[in-house]
Amino acid sequence: MNQPLLGKQAVQALGIRLRDIRRDAGLSGRQLAEACGWGPPKVSKVEHGRQAPTETDVRDWCIACGAPSEIADLVAAVRSIDTQYLDWRRSLGTGTRRRQRANVSAYERTTLFRVWEPAVMPGLVQTHAYAHEILATVIDFHGIPDDVEAGVQARMEAQRVLTHGDRRFLLLIGEAALYTRVGDAGVMREQLGRLVEVARMPRTSLGVVPLSAPYTVPRNNGFTIYDARMVTVATYTAELTLRERHEVTVYEKAFDRLAAPAVHGVAARTLIDRAIYDLEEI
């Protein structure tokens, strides 16, 4: 299991749990390895998070330690590690459309969206032209099949959740996102106008985190919280999907800290209008 860097902490946490089970059983690492038919280094590698165990490894470990009741929970942890990291090369292997279509299912099962984007507009509120530029950049960066129009259309279709069903949207963007040049001035002008429209929607709250806001939580990656069910985080190499309750709680805490200094209503509109004015000056 060759996981991206973000999986390291999960593998380490699993290793600690397995180490505790071994110690509770009164076995040394060598004794456990012999009982399972492994080379001695394997136990150390697993316990220190340098090697992720397989489901079979977990079962053998627990049986050797006389802890069969732990098997189901630990196998679930292994499966979580194996599935929560979706490499972009696999996700985007046939282009952008399939990934955009996958959003629809997650969106339709969600009643409360909490979204943070530090540098670009959230996909839920992007215009057709802005989305085209975003996905064209994704295609170029990852060197995947060019299906930009199909991907944009799928993203536009996913946005129907904004006006259909009983859903709430808490959207936070960094002030920098108002200035990140995606496309030309015309594309940006239309997108900023769309942002003003979204802010007026009855079930949508739009907050802008000013550049001058105090630093109370890392702001590097955008993320979306779907109800309290899961969180998705995009990195350069993979999309991280977190479903463990303690992980979701961390992102809820981060969202609350980002929301605290955010401005809404007239104050947010003032920042947007300033960005539009700066476009007129170019």
Side-chain angles (χ1 to χ4, degrees), residues 1-15 17 49 52-55 58 72-126 131 134-135 138 141-142 144 151 154-155 157-159 161 167-173 217-258:
M1 293 170 63
N2 182 21
Q3 300 295 345
L5 181 59
L6 283 173
K8 187 173 179 62
Q9 290 183 339
V11 174
Q12 290 174 335
L14 179 57
R17 292 178 65 184
T54 66
E55 293 181 29
V58 164
D73 188 43
L74 291 171
V75 166
V78 170
R79 291 176 179 174
S80 175
I81 293 170
D82 196 31
T83 61
Q84 67 183 340
Y85 302 99
L86 184 59
D87 191 306
W88 287 125
R89 290 173 297 178
R90 288 185 290 151
S91 175
L92 302 173
T94 59
T96 63
R97 182 178 183 275
R98 184 178 69 174
R99 179 64 194 86
Q100 296 306 308
R101 293 288 296 171
N103 284 339
V104 175
S105 176
Y107 287 177
E108 290 182 345
R109 291 186 291 115
T110 302
T111 57
L112 173 62
F113 293 77
R114 284 170 286 181
V115 181
W116 159 246
E117 283 290 352
V120 296
M121 303 297 168
L124 278 168
V125 302
Q126 291 175 6
I134 290 286
L135 293 183
V138 169
F141 184 79
H142 290 287
I144 60 176
R155 177 164 289 188
E157 291 171 3
Q159 291 181 1
V161 296
R167 299 180 175 89
R168 290 191 300 138
F169 302 86
L170 307 182
L171 309 176
L172 292 177
I173 63 171
V217 66
R219 305 178 189 178
N220 307 46
N221 293 98
F223 59 84
T224 299
I225 307 174
Y226 299 82
D227 294 321
R229 187 177 74 254
M230 70 177 187
V231 181
T232 57
V233 187
T235 73
Y236 284 121
T237 58
E239 182 176 57
L240 171 65
T241 301
L242 304 174
R243 292 186 173 87
E244 295 292 330
R245 182 58 206 157
H246 69 275
E247 294 173 315
V248 176
T249 297
V250 170
Y251 279 86
E252 290 176 327
K253 179 180 179 180
F255 188 87
D256 289 343
R257 288 201 173 192
L258 290 163

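Bear in mind the structure is a predicted one, so any value in this text is a computation, not a measurement. Residue numbers count from 1 along this sequence.
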Shortest non-hydrogen contact from [X] toward [Y]:
| X | Y | result |
| --- | --- | --- |
| Ala254 | Val217 | CB-CG2, 3.9 Å |
| Val248 | Leu242 | CG2-O, 3.9 Å |
| Arg155 | Gln126 | NH1-OE1, 2.7 Å |
| Pro53 | Val78 | O-CG1, 3.6 Å |
| Asn221 | Trp116 | O-CD1, 3.3 Å |
| Glu247 | Arg243 | OE1-N, 4.0 Å |

Taking the side chain as every heavy atom from C-beta outward, state whether [X] and [Y] have any atom pair closer than 4.5 Å.
| X | Y | value |
| --- | --- | --- |
| Pro122 | Ile173 | yes |
| Val161 | Leu124 | yes |
| Arg167 | Glu108 | yes |

Q: For Gln159 and Gly123, indicate whether the former's side chain and the latter's backbone hold a donor-acceptor pair under 3.5 Å.
A: yes
When rounded to the nearest 0.5 angstrom, what is the spacing between [atom1] in [X] and [atom2] in [Y]?
| X | Y | atom1 | atom2 | value |
| --- | --- | --- | --- | --- |
| Thr110 | Met230 | OG1 | CE | 6.0 Å |
| Tyr226 | Thr241 | OH | OG1 | 8.0 Å |
| Thr111 | Asp227 | OG1 | CG | 3.5 Å |
| Arg114 | Arg168 | CZ | CZ | 8.5 Å |
| Thr249 | Ile225 | OG1 | CD1 | 9.5 Å |
| Tyr251 | Thr224 | OH | OG1 | 11.5 Å |

Q: Could you walk me through whether Glu252 and Arg245 pass the salt bridge (Lys or Arg N to Asp or Glu O under 4.0 Å) test, one step at a time?
A: CA-CA 10 Å; Glu252 290 176 327; Arg245 182 58 206 157; 2.7 Å; yes
Q. Between Phe223 and Leu258, is a side chain to side chain contact (heavy atoms under 4.5 Å, CB included) present by the stated rule, with each step listed?
A. CA-CA 12 Å; Phe223 59 84; Leu258 290 163; 4.1 Å; yes
